[in-house]
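Working notes for the structure below.
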Amino acid sequence: MTAAIEKEHAMSTQSKATAVPTAQVRAHDPFIAAMGAVATGVTVVATDGTAGRYAQTVSAMCSVSADPRLVLVCINSRSPINNAIAKNKAFTVNVLGGQHDHVADTFAGRPWPGKEPWDFSCGEWTNAPSGSPRIADAVASFDCEIHEVVEAGTHLIYIGHALDIESHGGEPLIYSAQTYAKPQPVPPSVFPDYPGSGPTYGPYKKESSK
């Protein structure tokens with residue numbers, strides 16, 4: 001399920017006849033409230049081709065496999081980008097940095113003053129090898145062909161085969177509780193009864209006493 005950024009601002013088009021009305025699902029729904037507390041990265045999925053140029057802010061993204069290189073994104077079935085991806089047969093997944101909050105809002109349908117929803121003049125774009133739009137200074141960008149599409153409830157799950165990958169570094173944008181944030185290191189927990197204990201990896205790595 002895509003997090004609040006996308007699901008609250010997906011374009012209003014005809015829902016499937018079997019779908020539960022949105023207002024009924026959201027009213028005091030403990031699942032929605034609990035998912036709102038989940039911290040996620042923020043991406044923009046984009047496509048271009050014979051079906052046109054589209055992009056959508058998506059926070060439900062993860063790695064599926066390193067061999068082959070597969071990534072997963074979930075997009076509300078009401079979003080017009082779905083038809084475009086199906087016809088263009090390719091898309092990029094652009095991992096946003098802390099400087100891209102305005103890009104995230106624009107492609108979630110809530111642009112800042114002076115911009116229109118889904119306005120490609122927001123941000124710096126280049127073309128990936130597939131022809132799909134790519135954010136030039138994204139933390140990372142995956143240019144994908146469609147590997148598999150799965151229908152699940154209100155969303156379509158896209159598994160993309162990443163054929164071209166760029167990584168530019170920087171701090172990724174995080175979204176939780178309707179707020180943007182950035183990652184902060186968390187010092188390891190301290191347990192007085194177990195002196196010297198701690199993680200065996202990363203900057204706080206403890207040497208084994210064995």
Side-chain angles (χ1 to χ4, degrees), residues 2-7 9-10 38-49 51-66 68-76 79-82 84-85 88-112 114-147 155-176 178-185:
T2 300
I5 294 178
E6 184 239 338
K7 74 180 177 237
H9 297 278
V38 175
T40 69
V42 186
T43 71
V44 169
V45 175
T47 187
D48 198 0
R53 197 182 199 204
Y54 292 84
Q56 177 73 58
T57 300
V58 173
S59 54
M61 177 270 186
C62 68
S63 167
V64 175
S65 166
R69 295 170 174 172
L70 302 178
V71 297
L72 176 154
V73 293
C74 301
I75 300 178
N76 194 299
S79 175
I81 198 175
N82 294 298
I85 290 175
N88 295 339
K89 302 186 184 304
F91 59 91
T92 58
V93 182
N94 300 279
V95 180
L96 302 188
Q99 73 275 27
H100 294 130
D101 53 342
H102 63 298
V103 178
D105 281 345
T106 295
F107 290 97
R110 52 180 192 231
W112 292 11
K115 295 293 181 182
E116 298 294 329
W118 301 279
D119 184 347
F120 277 92
S121 69
C122 182
E124 182 181 352
W125 296 84
T126 62
N127 288 330
S130 70
S132 296
R134 164 177 270 165
I135 296 176
D137 59 342
V139 172
S141 179
F142 304 85
D143 187 25
C144 302
E145 65 178 6
I146 298 174
H147 178 78
H155 283 61
L156 295 178
I157 301 170
Y158 291 90
I159 299 176
H161 183 194
L163 301 178
D164 186 79
I165 302 166
E166 289 188 358
S167 182
H168 301 288
E171 288 190 333
L173 188 65
I174 293 174
Y175 189 80
S176 180
Q178 299 184 338
T179 301
Y180 293 121
K182 62 181 180 180
Q184 294 287 345

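A donor and an acceptor atom, one from each side chain of His100 and Asp137, are located under 3.5 Å apart. Between the side chains of Ser132 and Asp48, no donor N or O sits under 3.5 Å from an acceptor N or O. Side-chain atoms of Ser141 and Glu166 form no donor-acceptor pair, as typed in the model, at a separation below 3.5 Å. The closest side-chain donor-acceptor pair between Ser130 and Asp143 falls under 3.5 angstrom.
Shown are Val44, Ile174, Asp101, Val139; of these, the side-chain contact (heavy atoms from CB on, under 4.5 Å) with Leu96 is made only by Val44.
Side-chain contact between Thr43 and Thr57: absent, with no pair of heavy atoms (C-beta onward) separated by less than 4.5 Å. For the pair Met61 and Leu72, the minimum side-chain heavy-atom distance is 4.5 Å or more.
The number of heavy atoms from other shown groups lying within 6.0 Å of CD (Glu116) does not exceed 12. Lys115 NZ: more than 12 foreign heavy atoms inside a 6.0 Å radius. Surrounding CD of Glu124 are at most 12 heavy atoms belonging to other residues, nucleotides or ligands under 6.0 Å away.
A perpendicular orientation is assigned to the rings of Phe107 and Trp125, their planes being inclined by more than 60° (bins at 30° and 60°).
Residues Ala136 and Thr126 share a closest heavy-atom pair of CB-CG2, 3.9 Å. Of all heavy-atom pairs between Val71 and Val93, the closest is CG2-CG2, 4.4 Å. The two residues Ala39 and Ser176 make their nearest non-hydrogen contact at CA-CB, 3.8 Å. Closest heavy-atom contact between Lys182 and Glu171: CD-OE1, 3.1 Å. Closest non-hydrogen pair, Gly160 versus Cys144, comes out as CA-CB, 3.9 Å.
Annotation: cation-pi geometry not satisfied between Arg69 and Phe142 (NZ/CZ under 6.0 angstrom from ring centroid, within 45° of ring axis).
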Practice problem: Mind running side chain to side chain contact (heavy atoms under 4.5 Å, CB included) on Val45 and Thr92 for me, showing each step along the way? | Solution: CA-CA 6 Å; Val45 175; Thr92 58; over 6 Å; no

Quiz item: How far apart are the C-alpha atoms of Ile81 and Trp118, what are their side-chain angles, what is the distance that settles it, and do they pass the side chain to side chain contact (heavy atoms under 4.5 Å, CB included) test?
Solution: CA-CA 11 Å; Ile81 198 175; Trp118 301 279; over 6 Å; no

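Thr47 contributes atom OG1, which lies 10.0 Å from atom OH of Tyr54 (distance to the nearest 0.5 angstrom). Once rounded to the nearest 0.5 Å, the distance linking CZ of Arg53 with CG of Asn127 reads 6.5 Å. One distance of note links SG of Cys74 with CG of Leu156; it measures 9.0 Å at 0.5 Å rounding.
For Asn82, the side chain to side chain donor-acceptor pair (under 3.5 Å) partners at least two apart in sequence or on another chain are Tyr158.
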